[in-house]
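Working notes, structure below.
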Amino acid sequence: MTSDPAIELKGISKAFGPVQANKDISIRVMPGTIHGIIGENGAGKSTLMSILYGFYKADKGEIFVAGKKTNITDSQAAIAAGIGMVFQHFKLVENFTVLENVILGAEDGRLLKPSIAKARRTLVELAEDYGLNVEPDALVQDIGVGMQQRVEILKALYRQADILILDEPTGVLTPAEADQLFRILDRLRAEGKTIILITHKLREIMDITDTVSVMRRGEMTATVKTSETSPAELAELMVGRKVLLRVDKTPAKPGPVVLDVQNLHVKDEKGVERLRGIDLQVHAGEILGIAGVAGNGQSELLEVLGGYADGTGTITVNGESIDLSGAKSDGQSRRARGIAHVPEDRQREGLIMDFHAWENVAFGYHNDPSYRSGILMDNAAIRADTEGKMARFDVRPPDPKLAAKNFSGGNQQKIVLAREIERNPDLLLIGQPTRGVDIGAIEFIHQQIVALRDKGKAVLLVSVELDEIMALSDRIAVMFDGQIMGERLPSETDEKELGLLMAGITDTGAEHSVAEVQGNLAHVHAAEKGV
Amino acid sequence: MDVMPKWAEVILVPLISLLLAAVLSALVILAIGEDPVAAVKLMVNGALGSSYGWGYTLYYATNFMFTGLAVAVAFHARLFNIGGEGQAALGGLGVALACLYIPWPHWSLALIGATVAAGLFGAAWAAIPGWLQARRGSHIVITTIMFNFIAASLLNYVLVNMLRPQGSMDPATARFPEAVNLPTLHDLLAPIGISFSKAAPANVSLLVAVAACVLIWLLIWRTRLGYEIRSYGHSESAARYAGMPPTRIIMITMLISGGLAGMMAINNVMGEAERLVLNSVEGAGFIGIAVALMGRSHPFGVFIAAILFGFLYQGGAELALWTTIPRDLIVVIQALVILFTGALDNMVRMPLERVFLSLRRAPKPERKEV
């Protein structure tokens with residue numbers, strides 16, 4: 001290629017205190033290509049992109065945009081250099097229209113009207129050029145996640161970005177929406193735009209990128225042509241050792257029913273029905289996976305089962321019914337009944353980030369007789385127990401006195417898992433077990449879940465990662481809009497069928513347009529926001 | 001990992017804040033044409049130079065320990081109880097009723113009875129905002145400060161219309177009977193051969209305050225209840241997950257907090273005034289906020305900070321007495337201390353963190369995230 005790279009980073013280093021987040025990183029991204037950056041959580045991908053977008057200033061190193069050395073001091077400078085960013089968590093004003101969001105911060109004059117008129121014309125052109133269909137006058141809170149993401153892309157293009165950075169763009173999308181995003185990226189590439197795709201999903205890298213850079217512990221370990229590598233090789237480069245990409249497990253030997261849920265209804269604070277008559281059963285020695293796009297009632301299901309949301313219906317555990325509302329219905333009473341819960345959001349619910357590891361090990365079990373002496377807590381006993389748990393679950397560093405926030409995501413999750421699994425529960429509720437967890441730890445966590453199943457315990461697994469559901473579950477139930485759309489055996493279904501069920505379409509044999517899928521999902525997203 | 005070592009966090013930061021406040025105060029004193037060095041000498045001498053000065057310093061400190069602990073306990077549940085003033089006023093009412101209407105045979109029994117009464121009245125006064133917060137979501141900052149005004153009016157009414165002795169023009173109760181008068185530090189120390197000023201008001205309730213510091217430390221850091229309070233304070237969502245009911249935690253915390261603020265009355269009402277007067281609290285409820293902030297909500301920090309503020313109060317009074325420095329300026333100095341130790345904490349902390357970071361980076365150049 002004759003032209004200069006669209007972006008070239010030379011020797012970028014950045015430290016946060018004692019942590020070296022980026023160490024002497026160099027990349028060249030050629031124009032008109034999709035360049036993937038893959039790495040585990042905490043590998044330094046986001047830091048690197050934040051430097052490129054002007055959020056952080058690198059301690060060392062240079063940035064060249066289209067061959068010219070560029071000093072990116074803030075996001076305005078990045079935009080001026082033609083760099084646009086689509087964040088993992090969208091930065092949209094919910095009660096503004098699509099059009100208003102697009103021009104926000106890029107208004108031409110003091111009066112809004114000419115800007116809006118101009119933006120409308122531009123939006124139509126962009127939609128034609130790149131297939132980025134949006135409804136300009138819809139409120140952002142009423143449109144689906146996929147369209148919100150397109151608004152973010154449009155925002156960047158409207159600011160004449162030639163280089164687009166996408167940070168974990170498929171995290172919130174259904175498989176169908178993700179496919180559509182990739183078609184858009186393909187089109188953008190064809191039109192000469194340069195795209196940097198940050199992800200931790202190997203499949204996305206293999207599907208769409210031209211070249212891929214692997215980051216590990218702040219360093220760039222390799223840059224390879226995608227066509228010349230394999231997922232296994234990339235995984236090894238990311239983790240630094242060979243990784244098992246699938247879960248090894250024997251067929252389930254289901255026993256009697258442990259959890260029986262009948263006609264479960266849950267309303268949120270606004271009175272919107274979030275669970276609309278759930279029936280499900282989990283047997284001993286079985287993992288039931290709940291698939292679904294985030295926000296379709298899975299969280300509410302876990303909350304009710306975990307004892308901290310009210311619902312109506314009947315739930316029995318080992319044949320005994322459970323009080324669903326009232327004073328006796330809380331996390332303590334559920335634990336007493338042999339239900340352990342690894343919550344979806346460990347930082348918000350499962351752990352207290354400022355507490356020491358040992359204090360977190362007692363969390364929820366602080367009334368346990370072995371953790372107290374008289375009216376006082378037996379801190380020495382808890383610390384000793386924590387040391388044992390840390391050793392058995394390979395928590396690093398094995399220091400009970402370190403605050404939870406100072407552990408990596410994977411090690412935080414191991415602390416929660418150790419706390420819940422070592423209680424030897426009859427039923428384990430586990431939500432998003434590997435969200436924000438590095439590949440090495442994923443393997444370990446999956447093994448622990450399967451091991452619990454093999455001990456004859458019941459596991460209810462909720463995950464938005466379809467791969468995870470497929471790999472772990474003995475049976476899969478798909479949730480959509482507060483209902484179970486159907487149950488499948490993993491051996492008898494595929495991602496496409498599950499994807500349609502996740503979008504609320506039950507006659508999975510027929511052909512369905514992307515628009516139909518998205519229409520259904522938009523409806524749910526709107527409901528989720530209480531519209 | 002923590003950025004700063006613990007000693008820097010708990011000692012260096014407040015110390016530097018205090019120094020900054022002192023420097024600024026010195027400049028203000030200079031600006032009005034007085035000599036700051038002489039002023040400091042006068043303050044130190046007046047507050048710490050004699051057993052009389054100490055007696056007053058410790059008397060004020062006792063008040064601040066109670067109100068500081070009250071704020072600190074609530075802070076641990078992330079509740080900002082700024083109603084210490086009203087809760088202490090109601091505590092005074094409890095003390096007065098207990099002392100006036102129960103014939104106590106001995107001061108020690110009276111002290112126990114009055115402490116319980118003061119605690120109950122203070123707790124009851126805090127319970128209403130607590131309940132409103134827990135059940136109705138009314139913000140506790142708003143309700144507790146409103147309840148300060150209600151308490152003042154209530155006390156006014158009760159003193160004028162109910163408790164005022166016949167023929168008295170003073171909105172105050174009658175003097176408490178002699179049997180319930182608490183021994184001062186002079187009385188306590190004389191038997192063991194230490195002579196302590198007879199005039200100073202510091203009394204046996206100082207020991208109760210110190211005991212309260214120890215007990216609250218035990219409560220917060222060693223009991224399951226304290227664990228639940230801290231959990232709730234750090235993360236309400238996590239507390240819900242763990243099965244710690246928010247209503248219960250809010251109510252219990254506010255009862256303890258209000259009770260502590262109320263107990264201050266055994267010092268100022270029972271120990272010093274020996275009757276209940278209007279506005280007996282004299283702002284100690286608000287100083288408690290500064291004490292809790294400076295003490296980092298830790299009972300031992302509160303203990304130290306209370307003594308510091310006791311020193312400022314007494315030293316300030318001396319300053320006003322012996323110099324032409326106006327009384328208002330004393331308030332300015334106290335305000336500067338509150339401002340620097342409480343509100344402007346990050347101003348000192350952040351540069352200091354940077355210093356420690358660069359110190360750490362030098363010897364250990366590479367330390368991976370854990």
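Reminder, nothing fancy here: chain letters follow the sequence lines and each chain counts from 1.
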With ring pair (Phe, Tyr, Trp, His ring centres under 6.0 Å) as the test, would you mind laying out the steps for F80(B) and F75(B) before giving the verdict?
-> CA-CA 6 Å; F80(B) 197 4; F75(B) 266 154; 5.2 Å; yes
Please find out if less than 6.0 Å separates the ring center of H234(B) from that of F355(A).
-> yes
Residues of residues 235-248 of chain B with a heavy atom under 4.5 Å from any heavy atom of chain A, in residue-number order, are S235(B), S237(B), A238(B), A239(B), R240(B), Y241(B), A242(B), G243(B), M244(B)
Report, by ascending residue number, the residues of residues 119-141 of chain B in heavy-atom contact with chain A at a distance under 4.5 Å; give 'none' if the set is empty.
-> none
Please assess Y371(A) against D385(A) for the test side chain to side chain donor-acceptor pair (under 3.5 Å), listing each intermediate value before the final yes or no.
-> CA-CA 9 Å; Y371(A) 283 167; D385(A) 190 29; 2.5 Å; yes
Distance only, no hydrogens: is a donor on one side chain within 3.5 Å (strictly under) of an acceptor on the other, for [X] and [Y]?
X       : Y       : result
H341(A) : E420(A) : no
Q87(B)  : N81(B)  : yes
R224(B) : N367(A) : yes

Quick one: do K389(A) and E422(A) satisfy salt bridge (charged side-chain N to carboxylate O under 4.0 Å, His left out)? Show the steps, please.
-> CA-CA 8 Å; K389(A) 285 188 161 62; E422(A) 291 214 334; 3.6 Å; yes
Count the heavy atoms belonging to other residues, nucleotides or ligands that lie under 6.0 Å from CG of L376(A), then report whether that count exceeds 12.
-> yes
Is it the case that more than 12 heavy atoms not belonging to R383(A) sit under 6.0 Å from its CZ atom?
-> yes
Looking at I220(B), T253(B), I256(B), which one forms a side-chain contact (heavy atoms from CB on, under 4.5 Å) with L225(B)?
-> I256(B)
Identify which of R334(A), E359(A), M353(A) forms the greatest number of heavy-atom pairs closer than 4.5 Å to chain B.
-> E359(A)
Go through E303(A), R335(A), R346(A), Q347(A) and name the one with the most non-hydrogen pairs under 4.5 angstrom from chain B.
-> R335(A)
Are D378(A) and R372(A) ion-paired here, with the side-chain N under 4.0 Å from a carboxylate O?
-> no
Under 4.5 Å from any heavy atom of chain B - which part of A362(A) | both
